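In what follows, a single structure is set out as structure tokens and then discussed.
Start at 1 and go down the list; that is how both ligands and their atoms are numbered. Atom set for the values below is all heavy atoms of this structure, side chains included, hydrogens, waters and symmetry mates excluded. Position 1 is the first residue of the sequence, and the numbers go up from there. Just so it is clear, the model here is predicted, and its values are computed rather than measured.
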Amino acid sequence: MNHYETEAMWQLFKKAGYERTDFETNADVYVINTCTVTNTGDKKSRQIIRRAVRQNPDAVVCVTGCYAQTSPGEILEIPGVDVVVGTQDRTKMLGYIEQYLKERKPVNAVKNIMKNRVYEEMEVPYFTDRHRASLKIQEGCNNFCTFCIIPWARGLMRSRDPEKVIAQAQKLVNAGYKELVLTGIHTGGYGQDLKDYNLAMLLKDLEEKVQGLKRVRISSIEASQLTDEVIDVIKHSKVVVRHMHVPIQSGSDTVLKRMRRKYTMDQFAERITKLKEALPDLALTSDVIVGFPGETEEEFMETYNFIKEHRFAELHVFPYSPRTGTPAARMKDQIDEEIKNERVHRMIALSDQLAKEYASQFENEVLEVIPEEPFKEDPESGLYEGYTDNYLKVVFPATPDMVGKLVKVKITKAGYPYNEAQFVRVMDDVMPAVNEAM
Ligand code: SF4
């Protein structure tokens with residue numbers, strides 16, 4: 001989300017005639033888009049703000065994003081910060097910067113996000129540094145899980161106007177992107193605040209109305225949002241990929257209750273079983289928080305066994321970290337760091353094993369990959385890396401002109417974190433337009 005919004009803000013500056021420079025180069029204006037999801041996010045944001053001030057003490061330093069929204073006072077106390085804009089009114093940012101240049105008085109433009117019911121429209125017609133495009137479709141979240149600060153930083157659920165989503169998607173496809181990743185704070189909740197329109201309808205409209213669109217990936221969807229209607233659309237779609245990221249967080253009903261998650265494990269299992277019946281080759285990935293306050297060994301094992309039994313394709317494992325200001329951070333029975341780490345290691349080992357098992361089904365199969373960049377482990381090798389629709393990372397011999405295109409490859413050696421493959425053929429010849437000249 002932050003990457004998407006940084007691009008959107010850059011578009012505003014570009015239209016006003018600004019040039020973009022490296023962070024290390026002296027600039028007249030620094031915009032720092034901050035994160036607040038963990039306490040570390042705040043700390044890192046403060047470090048980078050101080051670095052910008054040191055770099056050019058005469059520059060205008062403007063701080064925006066989630067940390068700016070939740071703690072504008074704290075940020076304005078950092079010497080050298082001139083403008084603070086939260087997670088709304090970013091379209092007015094240039095005006096605030098001009099106001100500061102005229103009046104030379106700090107500008108605090110942060111307002112109460114909880115009162116905002118309107119999606120702030122900001123365009124991203126292309127990305128300056130990526131071959132996979134994200135497309136923001138909603139903002140905010142109504143869930144208030146006990147470990148999470150995000151609703152306070154982003155406000156309540158607001159969906160983007162479907163016509164604007166389609167128009168933005170068409171622009172990105174015209175710019176050469178084959179894959180769009182639908183992004184948001186609570187992406188799968190798209191449409192909850194709209195009348196007579198929902199996520200299933202958006203997926204259908206994207207497929208029917210966006211000319212040349214090859215792949216749509218949903219960045220994250222809750223089990224409860226995998227309605228029969230959504231599953232049916234995905235089953236029959238030629239563009240929605242065989243990969244769903246469904247956050248589980250815990251596989252224990254008692255922990256889920258303390259987390260204030262809105263499902264039981266029976267409900268979760270019922271939904272993913274239905275999804276897998278519709279898409280037998282599906283890659284099901286998930287987020288897991290390990291060591292939530294009060295988590296017993298039995299509760300941890302409930303999560304472990306559930307994940308093993310349902311054969312997730314990969315997990316993002318997070319050791320629970322108390323976020324100041326959330327109910328979970330105030331819970332008494334915080335888990336000892338050593339126990340947390342030991343459980344994290346067990347969960348990661350399980351994830352690695354499941355990922356290998358999932359990938360092994362595809363050995364000797366021909367799959368479509370979008371190569372994104374030279375193989376990071378050995379950039380001079382002539383190998384490139386990219387993802388298949390079912391989220392297998394694939395490494396294969398390629399040429400720079402293939403980057404961003406759909407390429408058929410044969411998996412020769414399945415594995416994790418990557419699969420080795422042989423080039424078969426390029427599917428199309430349109431170049432992705434990742435450049436500043438557009
Ligand atoms: S669903 Fe829960 S974890 Fe996700 S953004 Fe909302 S409050 Fe945070």
Counting N and O atoms only, with roles assigned by atom type, does the side chain of Asp253 sit under 3.5 Å from a partner on the main chain of Thr264, one being a donor and the other an acceptor?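 Answer holds: no.
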
Are any of the side-chain nitrogens in [X] or [Y] under 4.0 Å away from the carboxylate oxygens of its partner?
X	Y	value
Asp266	Arg271	no
Glu5	Arg90	yes
Arg117	Glu139	no
Glu297	Arg343	yes
Arg258	Glu299	yes

Report the part of Arg261 in contact with ligand 1, treating N, CA, C, O as backbone and CB onward as side chain, heavy atoms under 4.0 Å; options are side chain, backbone, both, neither.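 Only the side chain of Arg261 comes within reach of ligand 1.
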
Taking only heavy atoms of Phe147, which atoms of ligand 1 are found under 4.0 Å from at least one of them? 3 (S)

Out of Glu338, Glu337, Glu342, which residue meets the side chain to side chain donor-acceptor pair (under 3.5 Å) rule with Lys340?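 Only one of Glu338, Glu337, Glu342 forms a side chain to side chain donor-acceptor pair (under 3.5 Å) with Lys340, namely Glu337.
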
Would you list the protein N, O or S atoms within less than 2.8 Å of atom 6 (Fe) of ligand 1, leaving out water?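 You should have found Cys141 SG.
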
